[in-house]
Each structure stands twice: as structure tokens, then as C-alpha cells.
Amino acid sequence: MAQRKLLLRALAGEVLAVPPVWLMRQAGRYLPEYRATRAQAGDFLKLCYTPELAAEVTLQPIRRFGFDAAILFADILLLPQALGAELWFETGEGPRLSTVTTPADFARLRGKDDIHDRLAPVYQTVRLLTEALPRETALIGFAGAPWTVASYMIAGRGTSDQAPAHALMRADPALFDALMARLTEATVEYLSMQVQAGAEVVKLFDSWAGSLRGEAFRRYAVEPTRAIVAALKARHPGLPVIAFPREAGQGYAGFHKATGADCVALDNSVSADWAAENVQTDGCVQGNLDPRLMVTGGERLAEEARRIVRAFARGPHIFNLGHGITPDADPAHVDALLRAVRG
Ligand code: CP3
């Protein structure tokens, strides 16, 4: 029965006449109903930690657009918070965290099995969603990949080049590796609990994979993903995993085989034609429309969407953007996108 869900069929390798579609950040500030529920919650973190409200905003884009998948509403930075980092959001600026740059900071972090009390509301959101979602809609759980999460924990904020994380990697490789190992094992526990609560697919967001090159890419993007996929599949046989090593460029080629991921999500810096020949040959791909087209709309949006559908038509494909939909996107353009993709 579950295999009737289009998203799960694509993840199993089926080539479909019409690809399943969902959008990164589909629950977000571009939707007036999201802004209303967020105001009701008070702030973003309260929204994440209040299961009824987090489930409500997860469902809003499903009701409005009928996407083929819902993604749990949460954030990749809830895991570092559960490990003991302080976390807050500066309005208009983004996340801030207490930093981990010394062995003493690392020693204060909790162990992988001590995260669930804090994360229990997230698991409850998943449970509520399994009851509330339409039967054809797949439920995606997620976490940040260790490198991306470590880059926020080390810098205490988002950075354009992850310089503080690269600096710690060079200055204290033992400490850096210990943090990566803690994040890798905690991510397995966190995602495993999401699956037990009802998530049918999990996605790993490695938003900053693009700043890792050569051996560092293998060691800190490929290897942690491989370890997490292997551990999850051992516990949950058949669980489909989507990996998103954003801006990996040539590194996308071979990523399925190197990590065991069922689907590799592509950002919009790689061409769909290149990816069809060099990545989709190994399995399902997701992507990769430029999110700016959701702001500008028009005939270019429809043309680009159809071009991507055609480029990936000979293999398994999940239609998505190359990165999250932005707050200035027009919800009417999402309707236009769905018409273009679904024909
Ligand atoms: O995709 C979804 O709809 C599911 C929910 C989701 C959020 N964040 C909600 C959110 C997911 C999957 C994420 C992942 C996430 N969070 C990533 C990886 C993906 C990516 O975008 O590269 C990263 C790097 C974060 C960390 C984070 N959270 C940042 C940098 C910010 C601030 C940037 C911004 O857009 O304001 C957030 C906040 C955040 N997470 C918002 C949402 C809807 C905006 C919060 C608000 O309502 O003000």
C-alpha cells in the first residue's frame, strides 16, 4: 500500500511519467498562514517545540498545494541544542549558538543517548503528522549532516565560507574529529527516533558541503553520510534516505555509491543534463529548479520546470528546488509550478 505513494516509488527507483514534487522550506514565511501560526507561537523555536503548531505548519502547504511529500517542521540546529549548545535566533539575522572550540566546550556536550528528552516534542510532531496527512502524502524526517551542523557549532552562527570550522579542522584535528563523531552518532539516534515515530523517508542536509574539497570532502561529507545511512538501514531495513551535499559540484558523481543514499538532491549550480548523465545513472535524483524563479514566475518558471522534468525523464526523479523557497516567493507561482510539472 505504502508503495502507492509517488515519492516512495521514485525513491525505490521507479521511472514515473510525472515526478513527485515537494519544495524545500515549503512551510515558511512566503505563506500568510505560516506567518500567522508563527505569530501565535511567539517565536520560531517555540513553533518548533510545540507539536500541535509544528504539525499545523507542516500541513499548511499540503492543504494549499497538494505536494507529494510533507517535511517535518523543525530545524537542523535543534540537535546541537539537545547536545547542550545554547541556541537562539536574532531577528532578521539568523541563528546564534554558544561555540565549541576547546576540549572543555566539547566535554560539556551531552552523549548521543541523552538528547531525547529535549527532542521529544519533535517526535510527537511526527506522530501527529502520521495521523493527519492524506494517505498519498509521504512524510520526510530530517537532520543536518555532521559537517554543516559542526560549522554552526564552531562558529556560533552561519558563515559564508565556514572559515572557523576549517580553522579548527587544521588547528585541533582531534577535537574536530571528536565533534564530528559525536554528531554522527547523535544524528543516527535522532533520525532513528523520527523513523520510529512514523517518518517514512529521511533527508540529510549538508548545506555547506561545497566548501569541502578533495580528501576533506571524502572524510567529512561522504564518510559521515555513509556511516549514518548504514546505521539507519541496519536498524530500519528498506528506509529510503535522501542526501543533499549542496554545491558538491563534481562530487555529486558517485555520491549514491559512496554513501548508500537512495537519492541525491542537487542544487541549481549543476545542469540537469549533466546530472542526468553523471548522477542519475546511479539512482534517484531530486531537484533542481532555481528558487529565484519562485519569486519572478512567468513563462520562464514554467519553461525551466518542464526542461528539468524532460532532462530527468529517463530515470527516477523527485521534482524540487535547488535550495529552499525564499520568503519573497509568490504562492501563486507554486500553483503555476505544479501545473507545469504535472502537465
Ligand atoms: O523545509 C522545510 O519546510 C522544513 C523545515 C526546515 C527548516 N529549516 C525551517 C526553518 C528545514 C528542513 C530546515 C533546515 C535548515 N535549517 C538548514 C538546511 C537547509 C538549508 O536551508 O540549507 C539550515 C542551514 C538551517 C539553519 C537555519 N534555520 C537558518 C540559517 C535559519 C535562518 C535563515 C532564514 O531563512 O531565516 C533558520 C530558520 C528557519 N528554519 C526558518 C524556517 C521556516 C525561518 C524561521 C522564521 O520563521 O523566521
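Sequence positions, counted from 1, serve as the residue numbers for this chain. Read the numbers this way: they start at 1 and go in the same order the structure lists the ligands and their atoms.
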Worksheet item: Do His116 and Tyr123 have ring centroids that are under 6.0 Å from one another?
Response: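 Ring-ring flag for Tyr123/His116: true, centres closer than 6.0 Å.
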Worksheet item: Is the distance between the ring centroids of Phe176 and Tyr220 under 6.0 Å?
Response: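 Between Phe176 and Tyr220, the centre distance is under 6.0 Å.
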Item to complete: Among all protein heavy atoms, pick out the one at the shortest distance from atom 18 (C) of ligand 1; state its residue, atom name and that distance to 0.1 Å.
Response: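 Checking every protein heavy atom, the shortest distance to atom 18 (C) of ligand 1 gives Ser207 OG, 3.2 Å.
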Worksheet item: Who's the nearest protein heavy-atom neighbour of atom 24 (C) of ligand 1, and how far?
Response: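 Minimum-distance protein heavy atom for atom 24 (C) of ligand 1 reads Tyr152 OH, 3.2 Å.
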Please verify whether a non-hydrogen atom of [X] lies at under 4.0 Å from ligand 1.
X: Pro95; answer: yes
X: Pro61; answer: no
X: Leu72; answer: yes
X: Gly324; answer: no

Kindly confirm or rule out an N or O of [X] lying under 3.5 angstrom from an N or O of ligand 1.
X: Trp22; answer: no
X: Arg38; answer: yes
X: Tyr34; answer: yes

Worksheet item: Heavy-atom count around Arg306 CZ within 6.0 Å, excluding the residue itself: above 12?
Response: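 Yes.
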